[in-house]
Protein chains: 2
Amino acid sequence: MITKETSRRLDPERVVDTALAIADDEGPAAVSFRKLAAQHDVTPMALYRHFKDKDDLLAALGDRLLADVVLPEPTDEPWDKQLHALLTAFVDALRAHPRLADLTLPRILVATPGLALAERALELLIEGGFSVDDAAEIGRQSICSLIALVTTDPVAREVSDPEAREASLRRKRASLSALSPTQYPLVTSAAGALICPSSRDRYYAIGVDLVVAGIRGVVDQPTLRTSV
Amino acid sequence: MITKETSRRLDPERVVDTALAIADDEGPAAVSFRKLAAQHDVTPMALYRHFKDKDDLLAALGDRLLADVVLPEPTDEPWDKQLHALLTAFVDALRAHPRLADLTLPRILVATPGLALAERALELLIEGGFSVDDAAEIGRQSICSLIALVTTDPVAREVSDPEAREASLRRKRASLSALSPTQYPLVTSAAGALICPSSRDRYYAIGVDLVVAGIRGVVDQPTLRTSV
DNA sequence: ACCTGAACACCGTTCAAGT
DNA sequence: ACCTGAACACCGTTCAAGT
C-alpha cells in the first residue's frame, strides 16, 4: 500500500507553519502568498486551492495560537481564582507569538479551543454573580484587554534584531530625558519603567491581576444595573 | 502684503486631513501616498518632502487623535474618581476614530497632549498609593487596555457600509446558533450579547469602570510587592 | 526648498488554461 | 482536484533631475 501523495504537492498545514515563522519575526503584514509559494516551490496561485484569500490564511494562524491554550481543570477554588488561572492559560498561549495575538480575537467564537475557553469563562463569571449578558460583555472585554496586553508586550514588540531593538530603546530614553523635569516631573522620573518593564513575567502577572481585580470590583456596580 | 503661498503647493496639514478621512472609513492600511498624492494633484514623491515615510504619516494621524483629548481640571474628589474622569476623556477622544486608536500608543510619550495625560495619570496613581514605578506600569497597561477597548469597538469595527455590516452580523449569529446547546449552553444563550453589546455608551462605560476597578483592586496586592 | 519622472521591487487577486 | 502563466491594479521607496 503506497502513499497516495501523488496529487497533493502542497500541504496546507506546512504552509501555515512557514507563515507562522514569517509572522513571528516580521509581523503578519510580511506574510505574503508570493513568499510562501516561493518557499514551497509552487506558484502563488496554487495557494488559493487551500486558502480562500489572505484573511483566510491569517485566520488559520489565529486558530493555531488558540490550539495552544491548555485549559485548567475545574477545581473547588473560588470563581475568581479559577478565572485567574483560566485567563493566565490564555495569555500563556499567546505570549509565544506576541505579534499574532490579535489574530485570535475573531477566531475565539469559531475555533473549538476558543469556544471551550469562552464557555468556561462564562460559567465562572455567572458563578461570580453576573447575569448571562453581563458575563458575556465582561468576558469579551477581558479577552480584548489580555490580547492587547500581549500585543503591546514591550519586550517582544520591537524587531527581533537585538541591535535595532537597543537603538530604538536608546532613542526613546533620549526623547524622554530631553523633557523638562519641571514640566513633567513624574514622567521624567518614571522614564525607565515607562519605556520597559522590569520583567516579562511580572508584566504579564500584573496584567492578569488587573483584569481579574477589575472584574471582581465591578460586580454589583451601578453601571451594570443601567437598563438599556 | 500678499500671501507668500507661491512655493507651498502642498499643505501637510491638509494631507493629514484627507489621510484621516481615508483611514476612518477604510482603515489605516488603505491610506497610501499614491492616493493622497492624486487627491492633492501632485506626484506621490512630493509627499516625501513633508513626511519621512508612511510611518511618519501615521504618527501624524496618531498625534491628531491625541490633540482631541480634553483633560479634566483637577478637583478635590478622590484619586480614583478623578482617574476615571481622566481615562474617560482619553477614550472619548479616541472613540471618534476607532480604527486609528492604535496609532496613539507610540505617540503618547511624544506628543504634548499625551505627555500631559501621562503626567496627570501618574500623579493620581501615586496619590492612590502606588510607587512611581508601579504607577508607570499600571498606567501603561491601563492605557493599552483602553486603546484596545476602542479598537475592538464592536459597533464601529466593521466596514462603514451598513449592508455589509448586517451581513457580517448575520453570519456570526448563524455560526453561533449552529453550535450544540448541550456542549456550549452558555455561549449559545449569550450569543446576542457576545456578538454585539446593547449600547455603545454602556460598552465604553463598562470598559472604563473595569480598568479603574482593576487599579483600585490591585493596590497593595502581592504581585506588586514582588521585588524584581 | 519643493516638486517631477522613471524605475525597482514588491503586493493580492482574477481569469483562462493545463494535467 | 490541483497546479500553472500571464495579466491587472495596486503598493512604498530610491535616484536623478528639474525649477
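Chain letters run A, B, ... following the sequence lines, proteins first, then strands; residues in each count from 1. What you see is a predicted model; the values in this text were computed from it and never measured.
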Query - Value in whole Å for how far the P atom of C:dT14 lies from CZ of A:R34 - result: 13 Å
Query raised in the report: Does the distance from a Lys or Arg side-chain N to an Asp or Glu carboxylate O, for A:R202 and B:D134, drop under 4.0 Å?
Result: yes
Query raised in the report: In whole Å, what is the span from the CE atom of A:M45 to the P atom of C:dG18?
Result: 17 Å
Report task. State which of D:dC11, D:dC3, C:dC3 makes the closest approach to the side chain of A:R9. Result -> D:dC3
Query - Residue B:T43, side-chain atoms from C-beta onward, closest of C:dT13, D:dC11, C:dT4 - result: C:dT4
Query raised in the report: Is A:R64 salt-bridged to A:E13, going by a charged N under 4.0 Å from an acidic O?
Result: yes
Query raised in the report: In whole angstrom, what separates B:L58's CG from D:dT13's P?
Result: 10 Å
Query raised in the report: Whole-Å distance between C:dG12 P and A:K52 NZ?
Result: 15 Å
Requested in this report: Rounded to the nearest angstrom, tell me the gap between atom CG in A:L36 and atom C1' in D:dC3.
Outcome: 16 Å
Requested in this report: Check the pair A:D153, A:Y204 against side chain to side chain donor-acceptor pair (under 3.5 Å), reporting the backbone distance first and the verdict last.
Outcome: CA-CA 9 Å; A:D153 178 332; A:Y204 282 109; 2.6 Å; yes
Report summary line: Any stem touching DNA chain C, meaning at least three consecutive Watson-Crick or G-U pairs under 3.5 Å, ordered by first number, would be C:4-8 with D:12-16, C:12-16 with D:4-8
Query raised in the report: How many Å lie between NZ on B:K54 and C1' on C:dC11, as a whole number?
Result: 12 Å
Query - Under 4.0 angstrom between B:Y48 side-chain N/O and D:dT14 OP1 or OP2 - result: no
**Report entry** N/O (side chain, A:H50) to phosphate O (OP1/OP2, D:dC3) under 4.0 Å
**Finding:** yes
Requested in this report: Any chance you could lay out the side-chain contact (heavy atoms from CB on, under 4.5 Å) test for B:V31 and B:T18, step after step, and finish with the verdict?
Outcome: CA-CA 9 Å; B:V31 175; B:T18 93; over 6 Å; no
Query raised in the report: Taking the same atom, P, in C:dA9 and in D:dC10, what whole-Å distance lies between them?
Result: 22 Å
Report summary line: To the nearest angstrom, the CG-C1' distance between A:D56 and C:dG12 comes to 14 Å
Query raised in the report: Do we see a donor-acceptor contact under 3.5 Å between the side chains of A:D209 and A:H84?
Result: yes
Query raised in the report: So what does A:K35 hit on the nucleic acid, given a heavy-atom distance under 4.0 Å: a base, only sugar-phosphate, or nothing?
Result: sugar-phosphate
Query - Nearest-angstrom distance from the residue atom CG of A:L47 to C1' of D:dC3 - result: 11 Å
Requested in this report: Return the nearest nucleotide to the side chain of B:F33; candidates are D:dG12, D:dC11, C:dT4.
Outcome: D:dG12
